[in-house]
Amino acid sequence: MEYREDRDKEFLKACKNILKESGECLSVIELVKKAIHTPASSFFISEREIGKIIREERGNPRSDAKSEMHHVIKRRHNKMKENFPNSKAEGIAKIIAYQEAPRFYITESTARKLYYQLKKKRK
């Protein structure tokens with residue numbers, strides 16, 4: 001899955017930057033908490049998935065992180081629809097897919113597992 005690979009690379013880079021900039025020893029839990037709340041280059045999901053979120057074809061997300069992501073995407077959609085009322089959901093989804101995200105939308109436990117997996121791969 002291409003989005004996951006991109007997300008993983010960017011997440012590991014965020015972790016490395018936090019470690020470099022912190023100047024202190026951080027536990028993995030502290031590190032991933034900071035990393036998941038750093039801005040990301042995208043939402044790392046397809047235009048199609050964003051369209052489903054906009055059209056509310058997706059059920060309720062199981063995690064708070066995904067729920068927050070859905071909320072942010074819907075809020076962006078609503079703001080764009082307000083500014084450009086003739087825009088279609090597909091066009092708006094395409095724009096949102098290429099926008100930066102305010103954070104990585106993964107849970108702390110997933111982030112911790114991911115960090116260990118990525119570190120193991122790098123060795």
Side-chain angles (χ1 to χ4, degrees):
M1 182 187 238
E2 119 189 19
Y3 295 107
R4 182 168 287 166
E5 190 176 308
D6 291 343
R7 180 207 62 192
D8 293 354
K9 284 180 188 174
E10 194 170 316
F11 176 73
L12 185 59
K13 185 178 177 183
C15 289
K16 288 178 179 179
N17 288 341
I18 289 166
L19 286 172
K20 192 186 325 180
E21 292 170 5
S22 86
E24 59 185 77
C25 217
L26 296 174
S27 70
V28 171
I29 293 171
E30 292 170 318
L31 173 62
V32 299
K33 276 184 183 180
K34 288 183 177 193
I36 62 177
H37 288 94
T38 60
S41 65
S42 77
F43 289 95
F44 299 107
I45 59 174
S46 69
E47 295 168 25
R48 186 175 181 203
E49 287 300 309
I50 291 172
K52 288 179 180 180
I53 292 167
I54 290 168
R55 291 185 304 275
E56 297 186 355
E57 294 174 3
R58 284 268 161 243
N60 291 332
R62 287 184 268 169
S63 75
D64 289 344
K66 295 289 185 218
S67 183
E68 183 184 341
M69 179 179 72
H70 283 213
H71 179 73
V72 169
I73 288 171
K74 287 176 187 175
R75 193 171 60 231
R76 286 187 184 186
H77 167 263
N78 293 340
K79 185 168 180 127
M80 289 178 150
K81 197 68 176 161
E82 188 179 293
N83 292 332
F84 306 99
N86 296 329
S87 298
K88 296 193 183 305
E90 297 80 22
I92 293 174
K94 189 174 204 164
I95 291 168
I96 293 171
Y98 292 97
Q99 290 180 336
E100 291 185 358
R103 59 167 283 199
F104 289 90
Y105 291 101
I106 52 178
T107 64
E108 287 178 24
S109 63
T110 298
R112 192 170 56 249
K113 290 175 197 168
L114 179 59
Y115 178 76
Y116 285 125
Q117 287 172 355
L118 295 171
K119 290 294 282 181
K120 189 176 180 181
K121 273 187 188 178
R122 298 273 177 192
K123 288 184 181 183

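In what follows, every heavy atom counts, from backbone to side chain, and hydrogens, waters and symmetry copies are set aside. Since this is a predicted model, take the numbers as computed values, not measurements.
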Over all atoms of both residues, closest heavy-atom pair of K119 and L12: CD-CD1, 4.2 Å
Step-by-step salt bridge (charged side-chain N to carboxylate O under 4.0 Å, His left out) determination, E57 to R55: CA-CA 5 Å; E57 294 174 3; R55 291 185 304 275; 3.0 Å; yes
Gap separating the CD atom of E30 from the OG atom of S22, nearest 0.5 angstrom: 9.0 Å
Same apolar cluster: V28 and L19, side chain cutoff 4.5 Å: yes
Q99 vs I96 side-chain heavy atoms within contact, under 4.5 Å: yes
For F11, all residues meeting ring-ring contact (aromatic ring centres under 6.0 Å, His included), sequence neighbours excluded: F104
Same cluster (ILVMFWY, side-chain, under 4.5 Å), Y116 and V32: yes
Residues 59-69, side-chain donor-acceptor partners within the protein, below 3.5 Å, at least two apart:
from: S63; atom 1: OG; to: K66; atom 2: N; distance (Å): 3.1
from: K66; atom 1: NZ; to: Y105; atom 2: O; distance (Å): 3.1
from: E68; atom 1: OE1; to: R103; atom 2: NH1; distance (Å): 2.9

Side-chain donor or acceptor of E10 paired with backbone N/O of S41 under 3.5 Å: yes
Gap between atom CD1 of I36 and atom CD of E108 - 0.5 Å precision: 5.0 Å
N/O donor-acceptor pair under 3.5 Å between E49 side chain and S46 backbone: no
Audit row: R7, I106, side-chain contact (heavy atoms from CB on, under 4.5 Å) steps and yes/no: CA-CA 10 Å; R7 180 207 62 192; I106 52 178; 3.4 Å; yes
Closest heavy-atom pair and its distance - L31, C15: CD1-O, 3.5 Å
F84 with I54, same ILVMFWY side-chain cluster at under 4.5 Å: no
K9/E5 under salt bridge (charged side-chain N to carboxylate O under 4.0 Å, His left out): CA gap, chis, key distance, verdict: CA-CA 6 Å; K9 284 180 188 174; E5 190 176 308; 3.6 Å; yes
K52 atom NZ: more than 12 heavy-atom contacts under 6.0 Å: yes
Test ring-ring contact (aromatic ring centres under 6.0 Å, His included) applied to F44 - qualifying residues, sequence neighbours left out: none
Heavy-atom closest contact (D8 atom, L118 atom, distance): O-CD1, 3.4 Å
Minimum side-chain heavy-atom gap N17-T38 below 4.5 Å: no
Atom of K81, atom of K88 and distance for their closest heavy-atom approach: NZ-N, 4.4 Å
Heavy-atom closest contact (S42 atom, A97 atom, distance): CB-O, 3.9 Å
